[in-house]
A.B. asks: 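If you scroll down you'll find the structure; I have some questions about it.
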Amino acid sequence: MKAVSWNVNSVRTRFERVLGFLDRHQPDLLCLQETKVVDDDFPRQALEEKGWLIQAHGQKTYNGVALISKTPLADVGSGFLGDHIPEQARVIHGTLDGVRFINVYVVNGKEVGCDKYEMKLEWLDALQQWIAKDFADDTPTVILGDFNIVPDDRDIWDPEGWHEKILCSTPERKRLQNLLDLGFEDLHRLHTQEAGIYTWWDYRGGAFGRGFGMRIDLALGNAAAVARCSAVEVDRDERKKGDWEAKPSDHAPLIVSL
DNA sequence: ATGGTTGGTCGCCAA
């Protein structure tokens, strides 16, 4: 089975690229983040004409997640319980061929110490508690999406310059470790210890061309998922700017084979 | 300390 995570930075602006990606790769499941559209306005028609089924959980302007597959998903749900956390359309989950997928768009946090950063830590705590309560079983389970956390110094172009900065701070990495401590592994690291494999490059300053990237899109699997996982790959070509109007997302798709 | 680009929406906020 092939499952993909991709922060598309607006599904409407990126629609032709999403269609092209689905045609080329034919994944069993595509998990989108930052769809930035309410469910009623999700561009369904051209997808449904090609046999794709859509489960969307969106909001106006910000955030938004969706699951796209040809086989119907089981046990679909969106959001999660976190009493003090405002609902921001950041999570949708479903089960395909016995594998549970939890698609997450983690709070960015902007800058260490600001209100959004504190909210990010609280949100990650609530996510961890929710997964511990509802999903800590033997069902093959993958938590995948835009985590907005760089796992370690191999995963960023300038670890010294970003030391304890946003996406790299110890409290954020501790929250990622708390998720792993529930029995999950970073599936990417099952297959390579190489440094310099990234999934996101800033639009600004020609970051992609200069190699200024980070690995912040992750797939975490429990033991049953680890046993099935044969490969994790980044589709860097999708991030390239083919011509002046190609308009890539700032994230590349993460392709998980299991 | 900086950023200087993109998207949604239409003056900015968020990433």
Side-chain angles (χ1 to χ4, degrees), chain A residues 5-21 31-44 56-66 85-91 103-124 127 144-151 155-169 171-173 175-176 198-218 234 236 238-254:
Chain A
S5 169
W6 191 12
N7 180 324
V8 286
N9 188 16
S10 171
V11 71
R12 287 178 292 185
T13 294
R14 221 67 62 204
F15 189 67
E16 291 302 321
R17 277 191 175 251
V18 170
L19 272 182
F21 181 89
C31 303
L32 300 179
Q33 302 94 35
E34 282 206 88
T35 54
K36 297 187 175 182
V37 63
V38 295
D39 296 351
D40 285 347
D41 293 336
F42 196 100
R44 295 174 171 274
H57 176 49
Q59 65 182 87
K60 188 180 175 185
T61 309
Y62 305 117
N63 311 314
V65 285
I85 307 291
E87 178 50 58
Q88 291 195 0
R90 292 179 178 277
V91 178
N103 175 20
V104 302
Y105 174 51
V106 174
V107 177
N108 173 284
K110 186 172 173 153
E111 185 180 8
V112 173
C114 73
D115 289 350
K116 290 191 174 73
Y117 177 79
E118 297 303 328
M119 200 273 266
K120 178 181 195 174
L121 300 182
E122 290 177 18
W123 192 92
L124 284 163
L127 178 72
L144 73 173
D146 178 358
F147 280 73
N148 272 317
I149 301 172
V150 174
D155 302 314
I156 181 167
W157 61 281
D158 180 16
E160 292 79 20
W162 283 80
H163 180 69
E164 294 298 340
K165 296 288 199 315
I166 193 66
L167 313 181
C168 302
S169 73
E172 292 167 89
R173 287 177 171 171
R175 293 333 189 266
L176 176 59
Y198 307 135
T199 64
W200 175 80
W201 298 260
D202 202 314
Y203 283 127
R204 295 167 289 190
F208 183 79
R210 301 163 77 183
F212 296 173
M214 306 188 193
R215 188 170 72 92
I216 57 176
D217 299 271
L218 311 175
V234 179
R236 289 180 89 261
E238 190 58 55
R239 176 62 178 83
K240 283 182 187 164
K241 201 163 211 155
D243 57 67
W244 67 274
E245 59 181 355
K247 286 185 163 260
S249 169
D250 45 354
H251 293 253
L254 185 72

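Just so we're on the same page: letters track the sequence lines, and every chain starts at 1. These figures come from a predicted structure and were not determined experimentally.
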A.B. asks: Closer to the 5' end of DNA chain B via nearest nucleotide, is it Asp250(A) or Thr61(A)?
C.D. replies: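 Checking each residue's closest nucleotide, the 5'-ward one belongs to Thr61(A).
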A.B. asks: Would you kindly give the CZ-to-P distance between Arg12(A) and dG7(B), to the nearest whole Å?
C.D. replies: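 Going from CZ in Arg12(A) over to P in dG7(B) covers 13 Å.
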A.B. asks: How many whole angstroms separate atom CD of Gln59(A) from atom C1' of dA15(B)?
C.D. replies: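 That distance rounds to 14 Å.
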A.B. asks: Rounded off to whole Å, could you give me the CD-to-P distance for the Gln33(A) and dA15(B) pair?
C.D. replies: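 Going from Gln33(A) (CD) to dA15(B) (P), I get 14 Å.
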A.B. asks: How close do Asp39(A) and Ala56(A) get, heavy atom to heavy atom, and via which atoms?
C.D. replies: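 Minimum heavy-atom contact is OD2-O, 3.2 Å.
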A.B. asks: Reckon Lys36(A) has a side-chain N or O less than 4.0 Å from the OP1 or OP2 of dA14(B)?
C.D. replies: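 So the side-chain polar atoms of Lys36(A) never come under 4.0 Å of the phosphate oxygens OP1 or OP2 of dA14(B).
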A.B. asks: Reading DNA chain B from 5' onward, which residue's closest nucleotide shows up sooner: Lys110(A) or Gly206(A)?
C.D. replies: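 Between the two, 5'-proximity favours Gly206(A).
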A.B. asks: Send over the distance from Tyr203(A) OH to dG7(B) C1', rounded to a whole Å.
C.D. replies: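 To the nearest whole Å, that distance equals 8 Å.
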A.B. asks: Grab the CG-P distance between Asp115(A) and dA15(B) for me, whole Å please.
C.D. replies: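 After rounding, the reported distance stands at 13 Å.
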A.B. asks: Respond yes when some side-chain nitrogen or oxygen of Arg14(A) is under 4.0 Å from OP1 or OP2 of dG7(B), and no when none is.
C.D. replies: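 Result: yes.
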A.B. asks: I'd like to check Val106(A) versus Asp146(A) (side-chain heavy atoms, cut-off strictly below 4.5 Å). Are they in contact?
C.D. replies: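 No. Closest side-chain heavy atoms not under 4.5 Å.
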A.B. asks: Can Glu34(A) and Asn7(A) be counted as having a side-chain donor-acceptor contact under 3.5 angstrom?
C.D. replies: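 Indeed, the side chains of Glu34(A) and Asn7(A) share at least one donor-acceptor pair under 3.5 Å.
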A.B. asks: Below the 4.0 Å mark, does dA14(B) have OP1 or OP2 next to a side-chain nitrogen or oxygen of Lys116(A)?
C.D. replies: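 Result: yes.
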A.B. asks: Restricting to non-hydrogen atoms, name the atom on Pro248(A) and the atom on Tyr203(A) that form the minimum distance, rounded to 0.1 Å.
C.D. replies: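 Closest pair (atom of Pro248(A), atom of Tyr203(A), distance): O-OH, 3.0 Å.
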A.B. asks: Give Phe208(A) one of three labels, base, sugar-phosphate or nothing, depending on what nucleic acid heavy atoms sit under 4.0 Å from its own.
C.D. replies: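 The residue Phe208(A) makes no contact with any strand.
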A.B. asks: Distance check, P atoms only: dA1(B) and dC12(B), in whole angstrom units.
C.D. replies: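 One P to the other, the span is 27 Å.
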A.B. asks: Could you check how far CG of Asn7(A) sits from P of dG7(B), rounded to whole Å?
C.D. replies: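 Whole-Å distance recorded here is 12 Å.
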A.B. asks: Tell me the interatomic distance from Trp200(A), atom CH2, to dT6(B), atom P, rounded to whole angstroms.
C.D. replies: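 Value for this atom pair: 13 Å.
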A.B. asks: Give me the atom names and distance for the closest heavy-atom approach of Lys120(A) to Ile166(A).
C.D. replies: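 Scanning both residues, the minimum pair turns out to be NZ-CD1, 4.4 Å.
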A.B. asks: Have a look at Asp202(A) and say if it touches a base, only the backbone sugar-phosphate, or nothing, with a 4.0 Å heavy-atom cut-off.
C.D. replies: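 Contact class for Asp202(A): base.
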A.B. asks: Write down the distance between CH2 (Trp201(A)) and P (dT6(B)), rounded to a whole number of angstrom.
C.D. replies: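 About 16 Å, once rounded to whole Å.
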